[in-house]
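Because the structure is predicted, anything quoted here is derived from the model rather than measured.
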Amino acid sequence: MNNTEYNFAEIEKKWQAYWAEHETFKTDVWDFSKPKFYALDMFPYPSGVGLHAGHPEGYTATDIVSRMKRMQGYNVLHPMGYDSFGLPAEQYAISTGHHPEGFTQKNIETFSKQLKELGFDYDWSKMVATSDPAYYKWTQWIFKQLFLDGYAQYIDMPVNWCEELGTVLSNDEVIDGKSERGGYPVVRKNMKQWVINQPAFAEKLLEGLKEIDWPESTKEMQRHWIGKSEGVEVKFQIVGGGEFSIFTTCIETIYGITFMVLAPDGQLVQDLMPRIKNQAEVKAYIDETKKKNDMDRTELNKGKSGCRLEGVTCINPANGKEAELFIGDFVLASYGTGAVMAVPSHDQRDFEYAVAHDIPMIQVIDGADVSQKAFEKGEYLGKGCKLINSEEFTGLTVEEAKEAITAKLEKMGVAKRTVNYHFREWIFARQRYWGEPVPVVHTDDGKIYPLPDDELPLVLPELEDYKGQGGKAPLENATEWKKYDRNGVKGVRETSTMPGSAGSSWYFLRYVDPHNDKEFANYELLKHWLPVDLYIGGPEHAVGHLMYSRIWNRYLYDKGLSPVKEPFKKLVHQGMILGENGIKMGKRFPKYVVNPSDIVKKYGADTLRLYEMFMGPLEASKPWSAAGVEGAFRFLKRSFRMVMDQPVVDRAPNADELRLLHATIKKVTNDLETLNINTAISQLMIFVNAFAGEGKELPREAAETFVLLLSPIAPHVCEELWEHLGHDHTLAYEPWPKYDEKHLAVDEVEILVQVLGKPKSRIMVAADATEDAMREAALADEKVKAAIEGKTVRKVICVKGRLVNIVAN
RNA sequence: GCCGGAGUGGCGAAACGGCAGACGCAACGGACUUAAAAUCCGUCGACAGCGAUGUCAUUAGGGGUUCGAAUCCCCUCUCCGGCACCA
């Protein structure tokens, strides 16, 4: 035995060069003759630090599937690109005065080089970068359509303003009143804003969730984010003139109203101000609320703060009774109507408020004691509880009352059924430089003029200073660029740019046709390639990117520009790779941070790929193990030597060899399809344990099949072995091995015999033995006889080919 | 608090309601070697035995369904992720 050295560095270099030279993975998107498979990774932000250990995990998984699909005869599209607008490049520009473009370009090159070293089968000719004007031309174009169709609007609204960053942030960029990046304080402030009307898509987005194969947790998060609630909007008359509406999902409790609460920062309380007797107190509370907005509100609201509006009452339309008005900061001006009816007996929040402000309560639903805490809808719904103290509705069940009360109020003309969403406008502009300029002009006569298509892309101007002055957008510094005077249109360009999520909201459409300069993508191609068959990415995008992408795509679908309602058919989140200490890799424990490039240098890309896939289930978080990497490396070395050094013989495999071979094909094929890659690798290890050994011969069929099965996971070494086996072409398009059940069949099987569920013996029976034969054989077994000695056999359960369970006592 | 997911050897983990712990790591014993590394073979829940084997325990804890439960149902605890006054 000559013990050929596994020189992974040379092998990997050789095959990466081969793939590049032969354009092995270039996809002819116009080839519709084969079934398509579109595998997609969430494209990275090209940061200066390069890849981390988590990147290869998801990327390897899609790579494995796309390589297998290609071998199974699919035309595979597996592209990669960069979400290249973002804050680090902007900060670099501010501190150095250089254009972020160069910095970004350099990072893209570093990333691409690292990704190529991992041997992914990306078609690099399809690469996109969101900061490339040829790309963002179409981001701007889609935005323009959204504007023309009324979905993108320029409106006055309260925003999350971060003074330190000098920009507006979306809700998901604010955590506990601080900015996600940097942790700077964020305040609420009214500003003219570009927004996208996402509530207009709420129903369609909810509907779409039903048809896609996504993790349940992610779908649930999206449902929550949309936050649909069905209820009734009811008009209340104010004593002495005026009216206001409230929204409730519990109309059945309307007879339990003892007070009403308005949002302190709403318009209504301002309108009522002249009639309020304790104005000083009310104004003080309102001021306090405004200050509170930038603090951790939950901390401050242990007790239910608020203030009575003395001298103002309203009439409950259901029974004509008067109710007092309050303001309280638990009522949000931006949700519902900015006013609520308060039923302390049946809402814990109202209960606490009533206790704090000494307000009476009326129980209207029977079935619990409400002296200590409220009897809430979660507890009474669907339990057949009945109404009390509710005039003609007393005695009805809650469900009946919901309908009857709504009907009565509708008849009176004071109520209508409504749906409310937690989902608000998506704020779609940032006071930053490194983003897509919003392609509109504010004309001198006060109108908004979207740029004509031939002026797109509207390219970012070079600046002397990339920092905005006094919280203004950096593009305000571009005094010449800003001025607009063409074709009789005079005005000033919009100076805010789009948020980071703009470019990533449609990149999956562009990959199909990335060089098209006539349209964002050819519809025929989209129709063939969409939806994405497999999308893998981190769970941190569960509501952000994955929601925005669905919105943009759905808009384009409604417009006839995207062929599918939902862009991502199957979504999988890879789990986080933790440090060896079991804690998230990061600055806190630098010695536990793993750099994939180091692993590639020491063990090769194939080992890194194999190890990351063997660590455990793809979706699980799992700690890194340096020893585990050694194990993966050992397996590849063993596999390598098995094929290189053992005699490969042309005899047909014997029955035992065939059985293992076909069992391996079956398990690997099924497991890769379902992304149980760790168990597919286990099976390949079992195969090697059986076939590898000094002096053992390797039937050619077994050798070739093994190499093909391992190739999606460890492509470089397998190409090398394939070549060694006498092939002069890449194995990337070799037909994927097929298994035949007939080779898996056995004549005799070992079955277990249990007595009262306890294993007692194992016996051999014919594979197709009938239940009677099994029972007979089991009862004839010596050990079984001993176990049931002196007992009466009550029942015998037989499971064909598996076991016999004797119930005896 | 609410929603989602998870809890199995020393560790990462396997297991259509049917022999728990496949596969890998670590550990231990052995072969090869002057020696080490690499490699190969073996052991690896506990107890007894040289051994085949036997006995016992066992899938966070408690209850239930079932001939049979890691797996299904109910309750409790712990951990992770998300949301958090949404009317």
Among all residues two or more places apart in sequence or in another chain, which pass the side chain to side chain contact (heavy atoms under 4.5 Å, CB included) test with Thr669(A)?
Gln72(A), Ile665(A), Trp736(A)
Taking only the side-chain heavy atoms of Asp329(A) (C-beta and beyond), determine which of C86(B), C85(B), A38(B) contains the nearest atom.
C85(B)
Scanning both residues in full, the closest heavy-atom pair of Val668(A) with Ala680(A) reads CG2-O, 3.8 Å
Quick one: which protein N/O atoms are closer than 3.5 Å to N/O atoms of nucleotides 69-75 of chain B? Pair and distance per line, please.
none

Spacing of Thr253(A) atom OG1 and Gln363(A) atom CD [to the nearest 0.5 Å]
12.0 Å
Pairing of Glu216(A) and Arg223(A) as salt bridge, 4.0 angstrom limit
yes
Is the distance from the ring center of Tyr353(A) to that of Phe259(A) below 6.0 Å?
yes
In whole Å, measure the gap between the P atoms of A70(B) and G61(B) for me.
11 Å
Would you kindly give the CE-to-P distance between Met576(A) and C79(B), to the nearest whole Å?
18 Å
Rounding to an integer number of Å, can you tell me how far Leu660(A) CG sits from C23(B) P?
12 Å
Contact under 4.0 Å: Lys622(A) side-chain N or O vs G12(B) OP1/OP2:
no
Let me confirm one number: the OH-CE distance from Tyr6(A) to Met644(A), rounded to the nearest 0.5 Å.
11.5 Å
Go through the steps to decide whether Ser229(A) and Asn420(A) satisfy the test side chain to side chain donor-acceptor pair (under 3.5 Å), and finish with yes or no.
CA-CA 5 Å; Ser229(A) 55; Asn420(A) 255 298; 5.6 Å; no
Detail all sub-3.5 Å separations between protein N/O atoms and N/O atoms belonging to nucleotides 17-22 of chain B.
| residue | atom | partner | partner atom | Å |
| --- | --- | --- | --- | --- |
| G18(B) | N2 | Gln754(A) | OE1 | 3.4 |
| G18(B) | N2 | Asn805(A) | ND2 | 3.3 |
| C19(B) | O2 | Arg762(A) | NE | 2.9 |
| C19(B) | O2 | Arg762(A) | NH2 | 3.0 |
| C19(B) | N4 | Glu750(A) | OE1 | 3.1 |
| A22(B) | N1 | Ser682(A) | OG | 3.3 |

Using atom types as modelled, flag every donor-acceptor pair under 3.5 Å from a side chain in residues 577-585 of chain A to any protein atom, sequence neighbours excluded.
| residue | atom | partner | partner atom | Å |
| --- | --- | --- | --- | --- |
| Glu580(A) | OE2 | Ala626(A) | N | 3.0 |
| Asn581(A) | OD1 | Ile583(A) | N | 3.2 |

Interatomic distance, His573(A) NE2 vs A6(B) P [rounded to whole Å]:
14 Å
Which value, in whole Å, describes the distance between the C1' atoms of nucleotides U43(B) and G9(B)?
15 Å
Given the C1' atoms of A14(B) and C40(B), what is the spacing between them in whole Å?
26 Å
Can you find a side chain N or O atom of Lys758(A) that sits less than 4.0 Å from OP1 or OP2 on G68(B)?
no
Between Ser217(A) and G81(B), is there a contact of a side-chain N or O with OP1 or OP2 at under 4.0 Å?
no
Hey, are the side chains of Phe706(A) and Val688(A) touching, using non-hydrogen atoms and a 4.5 Å cut-off?
yes
For Pro617(A), answer base if it contacts any base atom (sugar-phosphate contacts may also be present), sugar-phosphate if it contacts only those atoms, and nothing otherwise; contact means non-hydrogen atoms under 4.0 Å.
sugar-phosphate
Which residues pass the ring-ring contact (aromatic ring centres under 6.0 Å, His included) test with Trp214(A), not counting sequence neighbours?
none
Does C86(B) have its OP1 or OP2 closer than 4.0 Å to a side-chain nitrogen or oxygen of Arg349(A)?
yes
Figure out the CE/P separation between Met615(A) and C25(B), and round it to whole Å.
15 Å
When you measure from the side chain of Arg634(A), which nucleotide among C86(B), C25(B), C85(B) comes out closest?
C25(B)
Quick check: closest heavy atoms across Ala769(A) and Lys800(A), and the distance to 0.1 Å?
O-CE, 3.3 Å
Which whole-number value in Å describes the distance from Met774(A) CE to C67(B) C1'?
14 Å
Identify whether any heavy atom of Val796(A) sits under 4.0 Å from a base atom; if not, whether one sits that close to sugar-phosphate; answer base, sugar-phosphate or nothing.
nothing
Work out how far the P atom of U66(B) is from that of C73(B), and round it to whole angstrom.
16 Å
Can you tell me, in whole Å, how much space there is between the P of A27(B) and that of C11(B)?
15 Å
Does Phe614(A) have its ring centroid less than 6.0 Å away from the ring centroid of Phe635(A)?
no
Looking for any heavy atom pair under 4.0 Å, which part of the strands does Glu216(A) touch: base, sugar-phosphate only, or nothing?
nothing
Note: for Lys377(A) and Asn676(A) on RNA chain B, the residue whose nearest nucleotide lies more 5' is Asn676(A)
Is the base of G81(B) syn or anti, if syn means a glycosidic angle within 90° of 0?
anti
Sugar-phosphate, base or nothing in reach of Gly631(A), heavy atoms under 4.0 Å:
sugar-phosphate
Dot-bracket pairing map - RNA chain B, Watson-Crick plus G-U, both contacts under 3.5 Å, | cross-strand:
(((((((..(((.....[....))).(((((.......))))).((((....))))...(((((..]....))))))))))))....
Considering only the P atoms, how many Å lie between C56(B) and G64(B), rounded to the nearest integer?
22 Å
So what does Arg223(A) touch, heavy atoms closer than 4.0 Å: a base, only the sugar-phosphate, or nothing?
nothing
Is there a side-chain contact between Leu546(A) and His573(A) (heavy atoms, below 4.5 Å)?
yes
Nearest 0.5 Å please: distance from the CD atom of Gln198(A) over to the CH2 atom of Trp426(A).
7.0 Å
Does a side-chain N or O of Arg638(A) approach OP1 or OP2 of C40(B) to a distance below 4.0 Å, or not?
yes
How would you label the contact of Asn420(A) with the nucleic acid (heavy atoms, under 4.0 Å): base, sugar-phosphate, or nothing?
nothing
Distance between the P atoms of A60(B) and A20(B), in whole angstroms?
16 Å
Whole angstroms only, please: what is the CD-C1' distance between Glu540(A) and G4(B)?
17 Å
Can you check the His224(A) NE2 to G4(B) C1' distance for me, whole Å?
9 Å
Aromatic ring pairing His541(A)/His545(A), orientation class (parallel under 30°, perpendicular over 60°, tilted between)
perpendicular
Closest-nucleotide 5' rank along RNA chain B - winner of Pro623(A) and Val331(A):
Pro623(A)
Roughly how many Å is it from CH2 in Trp225(A) to P in G4(B), rounded to a whole number?
18 Å
Give me the distance, rounded to whole Å, that separates G45(B) from A52(B) when you measure between the P atoms they each carry.
13 Å
